[in-house]
Amino acid sequence: MIDLREIKERRDEIAANIKNRGMKVDIDQIIELQEERAQLLKRVDELRSKRNENAAKMKGKLDSDVRAQLIEEGKALKDEISQDETLLKEVEERYLSLAKTIPNYAHKGIPTGVGEDDNREIKRFGKPTTFTFTPKDHIELGEALDLVDFDTGTKVTGPKFYFLKNEAVYMSLALERYALDTLRKHGFTPVLTPDLAKEEILEGIGFNPRGEESNIYSIADTDLCLVGTAEITLGGYHANTILEKEALPIKFGGISHCFRREAGSAGQFSRGLYRVHQFSKVEMFVYTLPEESEKVHEQLLAIEEEIYQGLNLPYRVVDTCSGDLGAPAFRKYDIEAWMPGRGDYGEVTSTSNCTDYQARRLNIRYREEDGSIRHPHLLNGTTIAVSRTILAIMENYQREDGSIAMPSILVPYLGFSEIRG
RNA sequence: GGAGAGAUGUCCGAGUGGUCGAAGGAGACGGAUUCGAAAUCCGUUGUACUGUUUACGGUACCGAGGGUUCGAAUCCCUCUCUCUCCGCCA
């Protein structure tokens with residue numbers, strides 16, 4: 001949520017931002033509701049003040065007719081207050097539910113555009129892998145080497161679920177260890193979080209469990225959802241608290257079990273490990289001082305690059321355009337690794353600076369030296385998306401004889417240096 | 001799952017339906033004292049919204065939500081959470 005005290009003075013800026021992001025939010029309606037709410041609140045406050053005054057008069061001994069008259073006045077006030085309070089509550093609910101849909105401000109430097117195609121490539125590492133033979137995609141490789149079993153995933157759980165088997169299991173664990181060790185070196189606290197979170201926490205982070213494009217699984221008869229990412233639980237960690245300034249930055253490195261509905265995305269086009277309902281990630285989550293968040297954002301991107309350079313996978317970095325940002329993000333960088341099976345780059349990490357947008361809704365604050373209270377900035381980033389990285393390694397490291405070499409940096413974690421049938 | 005106890009400010013902890021935003025203590029901060037420190041003494045010390053906008057006021061918040069009442073931290077109801085004991089389980 002943005003700072004609602006600013007919506008009048010920054011109205012034009014907000015309206016332009018909504019448009020650039022391709023969203024439909026009626027800012028003027030929200031401003032009207034805000035004014036309506038302010039008037040009602042003022043009236044209710046005045047009435048309550050009168051009620052308190054009236055009640056205070058009755059503290060001591062009084063003549064019974066004086067008391068009777070005061071009681072009558074009090075009763076009248078009570079009725080009036082409860083009417084206005086009901087009205088205020090209605091207006092407030094409408095106001096807040098709409099105000100929450102206003103997206104975060106966006107960084108001035110990002111490209112304006114509607115979708116993926118408008119993202120700006122800002123860097124490339126390596127060159128798309130070339131082969132002296134006809135390369136296979138990871139589905140073929142996975143079947144041939146008995147590493148990934150989609151058919152059984154479909155049978156047991158459903159389409160877009162899969163079993164990882166044999167060396168792929170070790171790859172998964174090795175990637176997690178590699179990522180965690182790298183994060184620890186950079187001062188992150190390793191964390192394993194619950195895979196379920198309350199809806200209020202989801203909403204605070206900016207997911208709408210009940211929204212139309214809900215991308216997460218709700219648990220029937222509870223207010224819990226499977227988390228789409230540890231971003232949710234790591235952000236919820238400090239919900240409703242006031243942090244001391246010295247505690248910042250707080251840097252968490254969490255293993256994240258991710259669940260995605262991916263409704264409507266079934267079909268041949270998205271076969272394989274690229275788009276699945278469940279996968280694991282190692283996630284970075286940082287609470288920082290507002291004046292440092294842009295610097296930290298660059299650091300998160302640098303860590304992601306360090307990881308993929310360590311794996312020696314060709315990739316490019318894109319600065320995400322306004323239409324593709326997601327409501328909480330102020331700026332977002334994605335790393336896209338080369339995936340020979342797709343013949344294109346595919347997203348493997350994403351790091352967002354959400355400034356104070358999530359912190360405000362989660363009610364996370366910190367105290368400045370002068371005693372004032374502000375919202376810290378929250379950032380998140382993927383260190384490793386396990387399934388997509390396994391995909392990229394399989395396809396980029398395959399050899400003509402059908403075996404797959406392993407990135408040397410993983411070998412100590414794996415205990416083997418190649419996979420062959 | 002069964003039985004019981006509890007939830008108050010940064011922490012501990014009192015609180016008879018009106019004088020309670022809340023005693024007392026601790027901690028922290030400021031000051032006095034000191035060569036300096038300890039001890040001691042004095043003072044300050046919640047959050048949000050809001051009105052005039054240094055000053056100074058108003059409203060709300062004593063786990064959450066309802067209710068009773070002229071008036072609720074205090075009475076009633078529902079829920080959540082914590083603790084103890086038993087059961088179950090990895």
Side-chain angles (χ1 to χ4, degrees), chain A residues 1-9 30-100 102 192-204 209 218-225 233 236-248 250 257 356-376:
Chain A
M1 185 165 64
I2 63 168
D3 187 344
L4 298 177
R5 286 171 300 195
E6 296 179 343
I7 60 177
K8 258 186 255 178
E9 54 209 69
I30 296 170
I31 290 174
E32 268 174 45
L33 281 166
Q34 185 184 50
E35 280 167 359
E36 198 180 334
R37 173 191 171 263
Q39 281 178 12
L40 275 168
L41 186 65
K42 191 178 169 199
R43 195 157 82 212
V44 168
D45 275 359
E46 280 167 2
L47 285 170
R48 289 204 272 225
S49 181
K50 276 190 202 163
R51 176 197 61 194
N52 292 346
E53 217 176 291
N54 175 272
K57 284 181 193 159
M58 275 182 268
K59 276 176 199 164
K61 286 179 189 165
L62 289 174
D63 289 346
S64 57
D65 30 322
V66 175
R67 177 172 291 272
Q69 202 194 328
L70 287 172
I71 287 177
E72 279 315 303
E73 281 171 29
K75 280 185 178 170
L77 281 168
K78 185 161 85 164
D79 290 345
E80 210 175 338
I81 288 171
S82 83
Q83 271 181 28
D84 283 355
E85 276 178 342
T86 308
L87 200 56
L88 174 64
K89 201 172 159 188
E90 281 170 19
V91 170
E92 198 149 45
E93 271 169 19
R94 256 192 307 150
Y95 165 59
L96 279 177
S97 70
L98 285 175
K100 282 178 190 168
I102 301 173
L192 270 176
T193 83
D195 291 330
L196 298 166
K198 296 180 184 174
E199 284 178 3
E200 63 183 71
I201 302 288
L202 280 279
E203 278 165 24
S218 304
I219 308 296
D221 302 322
T222 68
D223 67 339
L224 294 173
C225 302
T233 37
Y237 192 100
H238 286 297
N240 298 313
T241 52
I242 301 181
L243 301 161
E244 291 308 319
K245 188 177 181 183
E246 302 79 62
L248 300 173
I250 293 169
H257 300 125
D356 57 359
Y357 190 84
Q358 295 174 324
R360 186 168 291 109
R361 239 201 273 181
L362 288 168
N363 196 25
I364 301 170
R365 294 163 293 171
Y366 75 95
R367 204 181 300 276
E368 278 287 354
E369 281 102 347
D370 65 2
S372 63
I373 287 180
R374 301 170 69 194
H375 295 284

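Every chain is numbered from 1, with letters handed out A, B, ... down the list of sequences. The model shown is predicted, which means the values in this text are computed figures rather than measured ones.
The partner of B:A38 cannot be assigned: no Watson-Crick or G-U wobble pair with both contacts below 3.5 Å exists in any strand. Across all strands shown, B:A90 remains unpaired; no Watson-Crick or G-U wobble contact has both distances below 3.5 Å. Both distances falling under 3.5 Å, in either a Watson-Crick or a G-U wobble arrangement, place B:A26 opposite B:U10. Nucleotide B:G46 forms a pair with B:C61, judged by Watson-Crick or G-U wobble geometry with both contacts under 3.5 Å. B:U54: no Watson-Crick or G-U partner with both key distances under 3.5 Å is found in any strand. With a cut-off of 3.5 Å on both Watson-Crick or G-U wobble distances, the partner of B:U84 is given as B:A3. Using N1 to N3 plus N6-O4 or O6-N4 for Watson-Crick, or N1-O2 and O6-N3 for G-U wobble, each under 3.5 Å, B:C75 pairs with B:G67. Nucleotide B:U33: unpaired (no Watson-Crick or G-U wobble partner with both distances less than 3.5 Å).
Going from the P atom of B:G71 to that of B:G30 covers 45 Å, rounded to whole Å. Spacing of C1' atoms, B:G18 relative to B:A73, comes out at 13 Å, to the nearest Å. Here, B:U45 and B:A23 have their P atoms 11 Å apart, quoted to the whole Å. B:U84 and B:A90 have their P atoms separated by 23 Å, given to the nearest Å. The separation of B:G6 from B:U59, taken at their C1' atoms, amounts to 31 Å, rounded to a whole angstrom. Comparing B:C35 with B:U54, their C1' atoms are spaced 39 Å from each other, to the whole Å. Rounded to the nearest Å, the gap between the P atom of B:A72 and that of B:G67 is 12 Å. A distance of about 23 Å separates the P atoms of B:U69 and B:A64, rounded to the whole Å.
A donor-acceptor distance shorter than 3.5 angstrom exists from the side chain of A:Q34 to the backbone of A:L4, with no hydrogens or angles considered. A donor-acceptor pair is defined here as one N or O able to donate and one able to accept, closer than 3.5 Å; no such pair exists between the side chain of A:R37 and the backbone of A:E92.
The side chain of A:M58 approaches B:C70 more closely than any other nucleotide in the set B:U47, B:C70, B:U59.
A donor atom on one side chain and an acceptor atom on the other are found under 3.5 Å apart for A:Y366 and A:E368. Side-chain contact of A:N363 with A:R365: a donor-acceptor pair under 3.5 Å is present, judged by distance alone.
Put simply, CG on A:D45 is 10 Å from P on B:G51, counting in whole angstrom units. Rounding to whole angstrom units, CD of residue A:E80 and C1' of B:G71 are separated by 17 Å. Between A:R374 atom CZ and B:A48 atom P the separation is 14 Å, expressed in whole Å. The CD atom of A:E85 sits 15 Å away from the C1' atom of B:C49 (whole-angstrom rounding). Atom CD in A:Q34 sits about 12 Å away from atom C1' in B:C49, given to the nearest Å. Per the geometry, CG belonging to A:D3 stands 13 Å off C1' belonging to B:C49, to the nearest Å. A:I71 has its CD1 atom 7 Å from the P atom of B:C70, to the nearest Å. Taking atom CD1 of residue A:I242 and atom C1' of nucleotide B:C61, one finds them 14 Å apart after rounding to whole Å.
A salt bridge does not link A:E73 to A:K50: none of the charged side-chain nitrogens sits closer than 4.0 Å to a carboxylate oxygen. A salt bridge does not link A:K42 to A:D45: none of the charged nitrogens lies less than 4.0 Å from a carboxylate oxygen. A salt bridge does not link A:D223 with A:K198: every distance from a Lys NZ or Arg NE/NH1/NH2 to an Asp or Glu carboxylate oxygen is 4.0 Å or more.
Between A:R67 and A:V44, the one whose closest nucleotide on RNA chain B sits nearer the 5' end is A:R67. In terms of position along RNA chain B, the nucleotide closest to A:L41 lies nearer the 5' end than the nucleotide closest to the other residue of the pair A:L41 and A:K89.
OP1 or OP2 of B:G58 has not a single side-chain nitrogen or oxygen of A:S49 nearer than 4.0 Å. OP1 or OP2 of B:G18 has not a single side-chain nitrogen or oxygen of A:N54 nearer than 4.0 Å. In this model, the phosphate group of B:A72 is not approached by any side-chain N or O of A:K78 to a distance below 4.0 Å at OP1 or OP2. Contact check, A:R51 against B:A60: a side-chain N or O comes under 4.0 Å of OP1 or OP2. The side chain of A:R5 contributes an N or O atom lying less than 4.0 Å from OP1 or OP2 of B:C49. Considering only side-chain N and O atoms, A:R365 lies under 4.0 angstrom from the phosphate OP1 or OP2 of B:A48. Under 4.0 angstrom from either OP1 or OP2 of B:U50 there lies no side-chain N or O belonging to A:K42.
Residue contacts for A:L77: at a heavy-atom cut-off of 4.0 Å it reaches no nucleic acid atom on any strand shown. Residue A:R43 is out of contact with every strand shown, counting any heavy-atom pair closer than 4.0 Å.
The CD atom of A:E90 sits 10.0 Å away from atom CD of A:E36, with the distance rounded to the nearest 0.5 Å.
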